[in-house]
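One structure below.
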Protein chains: 4
Amino acid sequence: MAPKLRTVPRKRPVQDRSRATVDAILAAAAQVLVKDGFDRTSTNRVAEVAGVSIGSVYQYFPSKEALVGALVERHNEAMRAAVLAELQRVQVLPLEAAVRAVIELIVRAHAIEPALHRVLMEQVPRTGRLARVDQFAVELHAVIVRYLDAHRARLRVQDLDLAAFLAASAVEAMAHGAVIYQPHRLDDPAFLDEATAMVVRYLIA
Amino acid sequence: MAPKLRTVPRKRPVQDRSRATVDAILAAAAQVLVKDGFDRTSTNRVAEVAGVSIGSVYQYFPSKEALVGALVERHNEAMRAAVLAELQRVQVLPLEAAVRAVIELIVRAHAIEPALHRVLMEQVPRTGRLARVDQFAVELHAVIVRYLDAHRARLRVQDLDLAAFLAASAVEAMAHGAVIYQPHRLDDPAFLDEATAMVVRYLIA
Amino acid sequence: MAPKLRTVPRKRPVQDRSRATVDAILAAAAQVLVKDGFDRTSTNRVAEVAGVSIGSVYQYFPSKEALVGALVERHNEAMRAAVLAELQRVQVLPLEAAVRAVIELIVRAHAIEPALHRVLMEQVPRTGRLARVDQFAVELHAVIVRYLDAHRARLRVQDLDLAAFLAASAVEAMAHGAVIYQPHRLDDPAFLDEATAMVVRYLIA
Amino acid sequence: MAPKLRTVPRKRPVQDRSRATVDAILAAAAQVLVKDGFDRTSTNRVAEVAGVSIGSVYQYFPSKEALVGALVERHNEAMRAAVLAELQRVQVLPLEAAVRAVIELIVRAHAIEPALHRVLMEQVPRTGRLARVDQFAVELHAVIVRYLDAHRARLRVQDLDLAAFLAASAVEAMAHGAVIYQPHRLDDPAFLDEATAMVVRYLIA
DNA sequence: GATGAATGAGTCTTCATTCAT
DNA sequence: GATGAATGAAGACTCATTCAT
């Protein structure tokens with residue numbers, strides 16, 4: 001008897017399957033990292049949770065550092081995207097509204113996988129490519145400097161680099177702190193009002 | 001065999017010799033931690049650098065966690081001392097001067113072994129007694145709330161807890177950021193002026 | 001860091017290769033245990049003798065206790081099998097012949113890897129799952145009680161539980177002692193005659 | 001001023017003090033051995049429990065083996081004494097009474113620090129001088145052979161060495177088992193009756 | 001004699017990584 | 001591509017023993 005004709009693909013296209021594997025590994029890595037902390041996270045455990053063999057992990061990530069690095073990059077990318085997507089809209093707002101909007105964006109960016117964010121910020125050793133954990137903060141600084149420069153006229157601060165450093169540090173810390181330690185603040189409009197007040201009153205005469 | 005982790009110091013030194021040993025171990029631990037990062041810090045390496053045998057390390061610190069914990073406590077104590085010592089003096093100052101003085105104290109506290117501070121804050125997993133890495137920040141918050149409450153009359157902020165949280169987060173972040181990433185700022189009087197401005201303008205009507 | 005001891009085998013071998021590894025490890029463990037005694041037996045030495053890496057030992061046995069435990073279980077199983085296999089045949093024999101046959105079975109069971117048996121009985125700390133070293137003796141008692149109960153009519157003893165305890169203790173000790181300290185007795189038919197006499201005369205009027 | 005005349009010894013005679021120290025160490029060793037088992041017993045812990053410094057332990061016992069060995073010897077001595085003291089009295093008893101008396105003595109000997117006895121028998125590696133853990137059993141065998149020889153006339157057994165081995169093994173096991181696993185048996189007169197019956201019926205025609 | 005700080009070989013165990021199937 | 005058995009360097013920690021005080 002003639003064998004049945006197979007009309008459905010034996011497997012999904014190679015790229016798709018790979019993509020799914022990579023995603024599963026990264027998701028598992030994030031999960032284990034959050035649950036066990038950085039130095040109790042083992043590649044074997046990640047493979048197990050991902051439901052793939054340890055060999056497959058090394059197929060895509062040549063080292064533990066590469067694996068965590070990918071996670072870091074992905075997380076930075078997500079935060080960056082959350083902010084950048086809206087930044088166009090913010091440009092045209094009056095200063096007070098702009099500051100408030102930016103703070104809101106930054107808080108929202110911090111609210112992306114906050115537990116992962118915390119582990120990444122608090123435990124991942126800043127060595128090699130893992131130094132980029134706070135890449136987002138660095139980029140944020142630049143964005144803010146540019147923004148301030150564009151609105152220089154109305155500002156009381158002169159040294160924009162210093163002002164951006166201070167404002168960015170402050171906002172970043174408030175956002176981080178709120179998300180991590182005081183999540184209930186996030187629903188309180190007073191939080192945003194006050195944070196905005198601090199920055200606005202600082203920047204504007 | 002694997003007994004439960006013990007995290008309290010094993011015994012108090014009774015001879016002079018052992019005091020020196022304990023100091024050498026802590027100094028070596030700080031040094032290795034700064035140089036190699038938390039998870040490349042091994043107790044064996046610490047012993048080697050301290051010039052004592054690994055047995056001596058465990059004579060005084062029953063686990064790696066206890067060793068790092070001792071360092072954390074010692075560092076917190078140093079920061080606390082640097083701030084508290086001057087706090088009496090600050091109480092009687094007018095608000096603007098008080099804010100400036102407190103910021104200065106906090107910056108100075110952050111300048112105590114900044115490299116160690118950084119490793120402790122960035123890499124030590126907040127588990128068990130190691131959770132206390134940011135003990136200092138917690139205590140600071142309480143101090144600030146009390147201070148604000150005492151000067152309530154002149155403040156524009158109403159929710160003192162929120163204000164303290166925001167101000168403390170901001171100041172802590174500015175101090176931390178300056179010490180770690182922008183040490184040159186520390187010599188620039190503008191840094192202190194601006195930081196003070198941000199907080200004062202936020203707090204006072 | 002020192003996690004809780006795990007004492008259950010870590011996984012079942014799925015490939016042929018791993019079956020061979022497990023066997024090699026157990027054989028090596030038995031050999032080292034016999035040669036060096038329990039507390040000079042190290043997992044590293046076992047790995048070395050087995051010709052596998054220490055990692056492979058822990059792949060299959062999550063702790064030293066689990067390794068020795070597996071050996072204990074295997075040994076108990078072998079002794080149990082040696083006795084149980086013949087027990088059906090014994091049931092139909094007249095009492096004297098049955099007692100002789102049972103003693104013979106017990107002696108034979110003790111002659112299975114007697115050196116290992118000795119180390120297991122004499123040195124393995126009866127803690128946790130290792131308490132089962134004398135599991136075989138426990139089961140033996142039950143078997144004997146059942147047997148006596150079935151032949152109650154011809155017995156002079158009344159308290160079968162006591163009689164079983166005494167007879168089992170006696171037989172077990174004679175078998176153990178003969179195998180360990182007087183192996184030459186094993187070939188002497190008088191040994192079996194006498195042991196049988198002691199038990200038969202005790203049990204039967 | 002002339003110093004007060006001291007009329008009381010500044011300290012007890014050297015031998016006395018040493019004796020007390022040695023006793024404290026041995027008592028502590030027994031206690032730790034029973035509580036923690038052989039391989040969790042450390043010399044440092046023994047010193048601590050004894051209330052002396054580790055140096056003092058090594059003053060009197062040059063090694064851990066020597067320490068445990070002393071305990072073994074002391075225990076053997078105590079068992080031997082308990083039996084030998086009464087043995088003269090037993091010699092003149094008729095056979096049945098003698099067997100009963102000896103069994104009673106052996107049981108009583110096993111009831112001396114039974115927990116220590118158990119650890120010594122079950123966990124101490126029989127190496128070097130520690131081989132003597134069952135020294136008592138060896139000596140007992142000789143005593144029994146001599147006794148049987150003296151009463152040869154009434155015996156049904158011929159090979160006295162074999163008979164002594166079997167009887168001693170049996171009695172020792174019954175005593176050991178009763179003390180360790182069935183302590184309630186010890187108060188039941190039936191236990192002694194039955195054990196005696198087994199041996200007497202075995203020995204005598 | 002007594003003390004206890006110090007020692008360091010040796011133990012158990014983990015985990016990133018490799019590679020034959 | 002995927003698998004998972006195997007590896008072994010390295011790390012945390014113990015404890016018998018020594019010796020300066």
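Every chain is numbered from 1, with letters handed out A, B, ... down the list of sequences.
Between the side chain of Ser56(A) and the main chain of Val52(A), no donor-acceptor pair closer than 3.5 Å is present. At distances below 3.5 Å, at least one donor-acceptor pair connects side-chain atoms of Gln123(D) with backbone N or O atoms of Phe38(D). In this structure, the side chain of Asn76(A) engages the main chain of Arg132(A) through a donor-acceptor pair within 3.5 Å. Side chain of Arg126(D) to backbone of Met121(D): a donor-acceptor contact under 3.5 angstrom is found.
Between Arg45(B) and Glu48(B) there is a salt bridge, with a side-chain nitrogen of the basic residue lying less than 4.0 Å from a carboxylate oxygen of the acidic one. A salt bridge does not link Asp39(C) to Lys64(C): none of the charged side-chain nitrogens sits closer than 4.0 Å to a carboxylate oxygen.
With hydrogens and angles left out, the side-chain atoms of Ser63(B) and Tyr58(B) include no donor and acceptor closer than 3.5 Å. Between the side chains of Tyr60(C) and Thr21(C), no donor N or O sits under 3.5 Å from an acceptor N or O.
Whole-Å rounding puts the Arg40(A) CZ to dA12(F) C1' distance at 13 Å. We find that CG of Asp36(B) is positioned 14 Å from P of dA10(F), with the value rounded to whole Å. Straight-line distance from the CZ atom of Phe61(A) to the C1' atom of dA16(E): 15 Å, rounded to whole Å. Between the P atom of dG4(F) and the CZ atom of Arg19(C) lies a distance of 18 Å, rounded to the nearest Å. Look at CD on Glu48(C): it is 13 Å from P on dA9(F), rounded to the nearest Å. Distance, Phe38(A) CZ to dA16(E) C1': 12 Å, rounded to whole Å. The nearest whole Å value for the distance from the OH atom in Tyr60(D) to the C1' atom in dA2(E) is 9 Å.
At least one side-chain nitrogen or oxygen of Ser56(D) sits closer than 4.0 Å to the OP1 or OP2 atom of dT3(E). For Thr21(C), a side-chain nitrogen or oxygen approaches OP1 or OP2 of dA6(F) to under 4.0 Å. An OP1 or OP2 oxygen of dG8(E) is reached within less than 4.0 angstrom by no side-chain nitrogen or oxygen of Ser53(B).
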| request: Indicate for each nucleotide in nucleotides 16-21 of chain F, in 5' to 3' sequence, whether protein heavy atoms under 4.0 Å reach the base (B), only the sugar-phosphate (S), or nothing (-). | output: BBB---
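Summarising the geometry, atom OG1 belonging to Thr127(B) is positioned 5.5 Å from atom CD belonging to Glu65(B); distances are rounded to the nearest 0.5 Å.
Contacts of Val52(C) with the nucleic acid, taken as non-hydrogen atoms under 4.0 Å apart, involve only primed sugar atoms and P, OP1 or OP2.
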| Dot-bracket for DNA chain E: what is it, with Watson-Crick or G-U pairs under 3.5 Å, [ ] where a pair crosses earlier ones, and | for a pair to another strand? | .||||||||||||||||||||
